[in-house]
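Please read the structure below before turning to the comments.
First the proteins, then the strands, lettered A, B, ... as listed; each starts at 1. Model, not experiment: these values are computed from the prediction.
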Number of protein chains: 2
Amino acid sequence: MSQDDMTKVQARTLKTRAKLLAAAQEVVADIGFEALRVEQVVAKAGVAKGTFFAHFKDKDALMEQLIAPVVDSYLDELEMRPAPRSVEEIVEALTPVIRFMTAERYVFDVILRHSGAAAKEEIGPIAQNFYRTQFALAPWLAKGPFRKDISAELLADGLGAFLIQAMALNFCALHNERTIEDQLTIYLKAWLQPAL
Amino acid sequence: MSQDDMTKVQARTLKTRAKLLAAAQEVVADIGFEALRVEQVVAKAGVAKGTFFAHFKDKDALMEQLIAPVVDSYLDELEMRPAPRSVEEIVEALTPVIRFMTAERYVFDVILRHSGAAAKEEIGPIAQNFYRTQFALAPWLAKGPFRKDISAELLADGLGAFLIQAMALNFCALHNERTIEDQLTIYLKAWLQPAL
DNA sequence: ATTTAATATTGACCACGGTCATTTTTATCC
DNA sequence: GGATAAAAATGACCGTGGTCAATATTAAAT
């Protein structure tokens with residue numbers, strides 16, 4: 001037993017959890033996030049229903065574990081990019097993650113619920129990577145030709161707020177004449193490049 | 001039959017709906033929004049469960065009808081106020097509605113879900129009053145000593161985004177060392193009064 | 001090997017939101 | 001007032017997320 005796994009989790013536990021996650025990913029690939037049923041996942045994984053809830057607090061916790069890594073990988077790609085030279089470049093860089101987040105209304109709802117962090121006590125993966133975003137994106141943003149009167153962290157924080165707003169508006173019957181990207185561009189120009 | 005009620009809704013319908021709403025309000029007053037059960041509401045209203053769903057599309061629709069008017073009344077008060085002279089005055093004016101929206105996590109979730117509008121087809125009361133906010137608050141904001149390089153509507157739109165963000169962050173384990181109001185003040189100073 | 005304690009799994013069961021064929025009430029027409 | 005059609009109310013029923021006492025498995029101790 002290496003120093004890393006001093007905890008008492010058995011190998012069996014990790015195996016079962018992996019089976020459940022793999023089954024869930026298959027189900028999502030087949031029928032999407034919204035239509036996923038816990039019973040279907042446990043059937044495919046070959047375990048009892050109770051086992052599922054021994055591994056995941058609730059269905060939402062599974063969803064987080066499925067969604068967060070995807071968002072995370074998009075953010076990784078973002079960080080790799082060269083410094084943005086304009087708002088348009090930022091929006092373009094964000095397009096893939098926007099696509100993923102808004103492809104299914106249900107997915108967006110899950111993200112929304114958990115971006116501000118689910119339970120106050122314990123912080124979930126989605127909240128963690130929104131938190132991370134603030135620090136990961138800040139240096140990237142700071143390198144661009146944007147306002148310098150506020151901290152880079154605040155800059156990134158605001159970007160997050162407007163990103164959510166633009167996506168939420170897109171699901172709204174009253175506001176879907178503009179694309180998310182166009183809407184976000186308007187917001188970000190006003191936020192990052194105020195022309196006093 | 002007056003000209004107003006040319007529709008075929010019977011008086012009975014209105015009565016039943018009123019009974020359901022009254023019962024629901026009682027339940028909320030007793031045990032809060034989150035703990036409300038549809039079965040409890042119909043029991044108190046003295047109608048069958050099916051009747052509930054003939055009047056409300058789902059539980060969320062009832063919640064909207066309970067929550068939206070409250071938020072609405074706070075917004076009414078906002079509009080009455082004299083022009084804000086500083087960010088602090090805006091935040092102070094928003095405090096009551098912030099309190100209400102964040103008193104129960106469940107309430108905030110309902111608002112979040114419906115602020116960007118629930119179904120794309122039909123727009124709910126909460127989305128409507130967020131939409132209204134943009135136009136109601138815009139003139140109020142425009143009268144204050146804030147940036148003039150962007151439209152008043154955009155100003156109000158951003159305020160909404162930051163309001164959501166500040167509240168969401170408050171529910172987050174990683175960010176609750178600052179009060180919502182303090183956080184919002186930081187955001188709004190950066191948004192409304194950029195010091196290039 | 002056997003006992004023991006901790007951990008993992010099971011599946012019958014429950015809670016609760018939501019549905020729908022049936023029944024009851026209301027309005028309309030002769 | 002009786003017949004007819006439309007609208008409203010009913011409650012048994014279902015789907016699905018989530019629980020928990022009972023059982024099975026694993027690891028450690030003697």
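Atom CG of B:Leu14 is separated from atom C1' of D:dA7 by 13 Å (rounded to the nearest Å). If you take NZ of A:Lys57 and P of D:dT19, they are 8 Å apart, rounded to a whole angstrom. At whole-Å resolution of the value, CD in B:Glu34 and C1' in C:dC16 are 14 Å apart. Between B:Asp58 atom CG and D:dT16 atom P the separation is 17 Å, expressed in whole Å. Computed from coordinates, the B:Gln40 CD to C:dG17 C1' distance equals 14 Å when rounded to whole Å. Look at CZ on B:Phe56: it is 18 Å from C1' on C:dC16, rounded to the nearest Å.
Taking for each of B:Lys59 and B:Ala11 the nucleotide of DNA chain C with the nearest heavy atom, the 5'-most of the two is the partner of B:Lys59. Across the interface with DNA chain C, nearest-nucleotide mapping of B:Arg37 and A:Thr13 shows A:Thr13 to be the residue nearer the 5′ end.
For the segment residues 47-54 of chain B, residues with any heavy atom less than 4.0 angstrom from an atom of DNA chain C are, sorted by number, B:Lys49, B:Gly50, B:Phe53.
Considering only the side chain of A:Glu39, D:dT16 comes nearest among C:dC16, D:dT26, D:dT16. Listed candidates were C:dT9, D:dG17, D:dA8. Nearest to the side chain of A:Thr16 is C:dT9. Nearest nucleotide to the A:Arg12 side chain, out of D:dA9, C:dT7, D:dG17: C:dT7.
A salt bridge links B:Lys44 with B:Glu26: the distance from a Lys NZ or Arg NE/NH1/NH2 to an Asp or Glu carboxylate oxygen falls below 4.0 Å.
Looking at A:Lys59, its side chain never comes within 3.5 Å of a backbone N or O of A:Arg37 through a donor-acceptor pair.
Listed pair B:His55 / D:dA9 meets the phosphate criterion, a side-chain N or O lying under 4.0 Å from OP1 or OP2.
A:Asn170 and A:Gln183 share no side-chain donor-acceptor pair at under 3.5 Å.
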_Residue pair A:Thr51, A:Val42: steps toward the side chain to side chain contact (heavy atoms under 4.5 Å, CB included) verdict_ = CA-CA 8 Å; A:Thr51 303; A:Val42 296; over 6 Å; no

Mind listing the side-chain donor-acceptor pairs of residues 136-154 of chain B below 3.5 Å, one per line with the distance, residues two or more places apart or on another chain?
from, atom 1, to, atom 2, distance (Å)
B:Trp140, NE1, B:Arg81, O, 3.3
B:Trp140, NE1, B:Pro82, O, 3.1
B:Arg147, NE, B:Asp149, OD1, 2.8
B:Arg147, NH1, A:Ala190, O, 3.0
B:Arg147, NH1, B:Trp191, O, 3.0
B:Arg147, NH2, A:Ala190, O, 2.8
B:Arg147, NH2, B:Asp149, OD2, 3.1
B:Lys148, NZ, B:Ala142, O, 3.1
B:Lys148, NZ, B:Gly144, O, 3.1
B:Asp149, OD2, A:Ala195, N, 2.9
B:Ser151, OG, B:Leu154, N, 3.1

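Classified by interplanar angle (parallel below 30°, tilted 30° to 60°, perpendicular above 60°), the ring pair A:Phe33/A:Phe100 is perpendicular.
With rounding to the nearest 0.5 Å, the separation of CD1 in A:Ile180 from OG1 in A:Thr95 is 9.5 Å.
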